[in-house]
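Written out below as structure tokens is the structure these notes cover.
Each chain gets a letter, A, B and so on, in the order its sequence line appears, and its residues count up from 1.
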Amino acid sequence: MVDLDLVRAHPELFEAACKAKNIKLDVKAFLALDEKRRKAMAEVQTMQAERNAVSKKMPTLKDKAEKEKVVKEMKALGEKLKEQEAALAVLEADWMNLQLRLPGIPLPSVPKGKDDSENVEVRKHGKIPTFDFDPKDHVALGESLDIIDIPRGVKIAGARSYFLKGDGARLEFALLLFTLDHLKKKGFTAFIPPLLVNYEAMMGTSYFPGGEEMAYAVGVKKSRTQAIESDDVYLIGTSEVSVTSYHGGETLAITDLPKRYCGISNCFRREAGTYGKDTHGLYRIHQFQKVEQVILCENDPDVSANMHQEILKNAEEVLQALKLPYRVVDVCTGDMGQGQIYKNDIETWMPSRKCYGETHSCSTFHDFQSRRLNMKYVAKDGTKKFVHTLNNTCIASPRILIPILEMYQQKDGSVIIPEVLRPYMGGQEKIST
RNA sequence: GGAGAGGUGGCCGAGUGGUCGAUGGCGACAGUCUUGAAAACUGUUAACCCCGCAAGGGGUUCGUGGGUUCGAAUCCCACCCUCUCCGCCA
């Protein structure tokens, strides 16, 4: 959600943002509707004012004939009002639908571009490895070590499904726990959040409206064997949804800020519209586990910019501890989400793909989400302001298993366990057949 | 799943058809008193939206949505949520 006064005063900013982000939205049409809506509101409110004034007088009317006359008039007014209110409700619904699709305006520093091919590399870390043997990819490694079973995952759950098994399952939890401990040292509070959330949480974090087909809705209308009522809850695609919504509707004290939160959760993604894309292995799947950093801070661009760097650094430190080569990119306008105004991806080197693959995504929203979530704080001057929100992945598995397995594989087909993870695996040093 | 109770302002709680955005209390804020504080006393104290440069005016909101009515916190219907008891269960 955006500042409507700003839209009215400077529609061109939002038109430019729509164009840059490839959002099909007619800002002028929205403003025309906004005008129409306000006109209709004025009419309705005038009628309501009259009704209220007469109603207030009603008990004082003693004369029976006069009273009857007034009642008759009010009845007519009431009917007309009902019609106008219904018409206004239609306008409001259309208005809201457009209003929720207005984009956050990218910061001036964000590179212009149409899609991820135009993201701009900021820095690289680590050395791209060479192997003195014929390296396997993570699928082959997972299969030979019996730690990943994709065919059986597909058998029971369909495409993009998998089992992690044995040391594969343990390795994932080691990664998650290591990351949680890392963030604990950085002052983050961990959350195991609801995985099923209501529409408001999806809307508040700006996944809805627009991203409905990306989320699993729970309670199918009809199964093969029986009709089931929908529960109107949705499986989160990231704990950002639950954790950012945690203080929704609240007014925080400035001394409470910044909030450094992290959610650990399963994440569910329908991956609609990605048919045929990244079908191999564990890169793009329907379910995974993630530790996500979430920040709520003051409504100050400098403060949130610093927080952005802080959570970016936290994630980089995890990759450095795992000794994985990665690069950081500035995400271009065309590859940003509706609400994001600045975004970095971290891409980790994946030997089998012979390229860097996105493993982290660090986003600044300013007050875009907090306006939707109605999440404020009392500023130094005593006024209430919307907080700034940010979030970044800290680790997401099993996608991160791709570089780990592939980078740490040995000639004999075994995989060395990264040193920092060994304490979380009972001191185990390698996975072998 | 069965039975019952309930959802009112920052909090507690009154309010069963009209001068009710809502008595009272607590809290918070300001003032009087005090060397200072406490106590006491006095006053102020909701959010959102629309019009307006402003002063100000108007509207909406008593869980949510619908209905009855000239008029709804109050009556009717549906739904959501909370609590208590019983059953079932990780």
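Distance A:Lys69 NZ to B:rG71 P: 18 Å, rounded to the nearest Å. We find that CG of A:Asn374 is positioned 18 Å from P of B:rU61, with the value rounded to whole Å. Between the P atom of B:rU61 and the CD atom of A:Glu92 lies a distance of 13 Å, rounded to the nearest Å. Rounded to an integer number of Å, the gap from CZ of A:Arg372 to P of B:rC48 is 19 Å. A:Leu33 has its CG atom 16 Å from the C1' atom of B:rC50, to the nearest Å. Distance CD (A:Glu43) to P (B:rC51): 13 Å, rounded to an integer number of Å. The distance from atom CE of A:Met96 to atom P of B:rC48 is 15 Å, rounded to the nearest whole Å. The NZ atom of A:Lys82 sits 4 Å away from the P atom of B:rU68 (whole-angstrom rounding).
Rounded to whole Å, the separation between the P atoms of B:rG63 and B:rU74 comes to 8 Å. If you take atom C1' in B:rG27 and the same atom in B:rU68, they sit 40 Å apart, rounded to whole Å. Atom C1' of B:rA78 sits at a distance of 24 Å from the matching atom of B:rG71, rounded to the whole Å. Here, B:rA47 and B:rU84 have their C1' atoms 33 Å apart, quoted to the whole Å. The gap from the P atom of B:rC26 to that of B:rG43 amounts to 14 Å, rounded to the nearest Å. Comparing the P positions of B:rG24 and B:rA46 gives an interatomic distance of 14 Å, to the nearest angstrom. Across the P atoms, B:rA55 and B:rG17 are found 40 Å apart, a figure rounded to whole Å. B:rG4 and B:rG25 are spaced 30 Å apart, taking the C1' atom of each and rounding to whole Å.
Distances shorter than 4.0 Å separate some side-chain N or O of A:Asn52 from OP1 or OP2 on B:rU60. Between A:Arg51 and B:rU60 there is a side-chain polar atom (N or O) within less than 4.0 angstrom of OP1 or OP2. Taking only side-chain nitrogens and oxygens, A:Lys36 never comes nearer than 4.0 Å to OP1 or OP2 of B:rC50. Using a 4.0 Å cut-off, no side-chain N or O of A:Lys56 falls inside it from OP1 or OP2 of B:rG18.
Cation-pi geometry between A:Arg399 and A:Tyr283 is met: the NZ or CZ atom falls under 6.0 Å from the ring centre, inside 45° of the normal.
At the heavy-atom level, A:Ala49 lies under 4.0 Å from the strands shown only through sugar-phosphate atoms. Counting non-hydrogen atoms under 4.0 angstrom, A:Met58 reaches a base of the nucleic acid. Looking at heavy-atom distances under 4.0 Å, A:Arg8 makes contact with sugar-phosphate atoms alone, never a base. Residue contacts shown for A:Lys376 are limited to sugar-phosphate atoms, with no base heavy atom under 4.0 Å away.
Pair assignment for B:rU23 gives none, since no Watson-Crick or G-U wobble pairing has each distance under 3.5 Å. Using N1 to N3 plus N6-O4 or O6-N4 for Watson-Crick, or N1-O2 and O6-N3 for G-U wobble, each under 3.5 Å, B:rA40 pairs with B:rU32. Applying the Watson-Crick and G-U wobble criteria (two distances, each under 3.5 Å), B:rG52 pairs with nothing in any strand. Using the Watson-Crick or G-U wobble rule with both distances under 3.5 Å, B:rU69 pairs with nothing in any strand shown. Pair assignment for B:rA90 gives none, since no Watson-Crick or G-U wobble pairing has each distance under 3.5 Å. A 3.5 Å limit on both hydrogen-bonding distances identifies B:rC81 as the Watson-Crick or G-U partner of B:rG6.
A donor-acceptor pair shorter than 3.5 Å can be found between the side chains of A:Thr348 and A:Thr359. Side chain to side chain, A:Thr393 and A:His360 fail the donor-acceptor criterion of an N or O pair below 3.5 Å. A donor and an acceptor atom, one from each side chain of A:Thr238 and A:Arg269, are nowhere located under 3.5 Å apart. Residues A:Asn392 and A:Glu292 have side chains that never bring a donor and an acceptor to within less than 3.5 angstrom of each other.
Proximity of a side-chain donor or acceptor of A:Lys277 to a complementary backbone N or O of A:Arg284 within less than 3.5 Å is not detected.
In this structure, A:Val71 and A:Lys384 both approach RNA chain B, and ranking their closest nucleotides by distance from the 5' end singles out A:Lys384. Checking A:Val54 against A:Met41, the closest nucleotide of RNA chain B that is more toward the 5' end is the one next to A:Val54.
The base of B:rG59 has none of its N or O atoms less than 3.5 Å from a complementary donor or acceptor on the side chain of A:Gln48.
For the side-chain hydrogen bond (donor to acceptor under 3.5 Å, both in side chains) with A:Tyr261, the lone residue among A:Gln293, A:His247, A:Glu240 that qualifies is A:His247.
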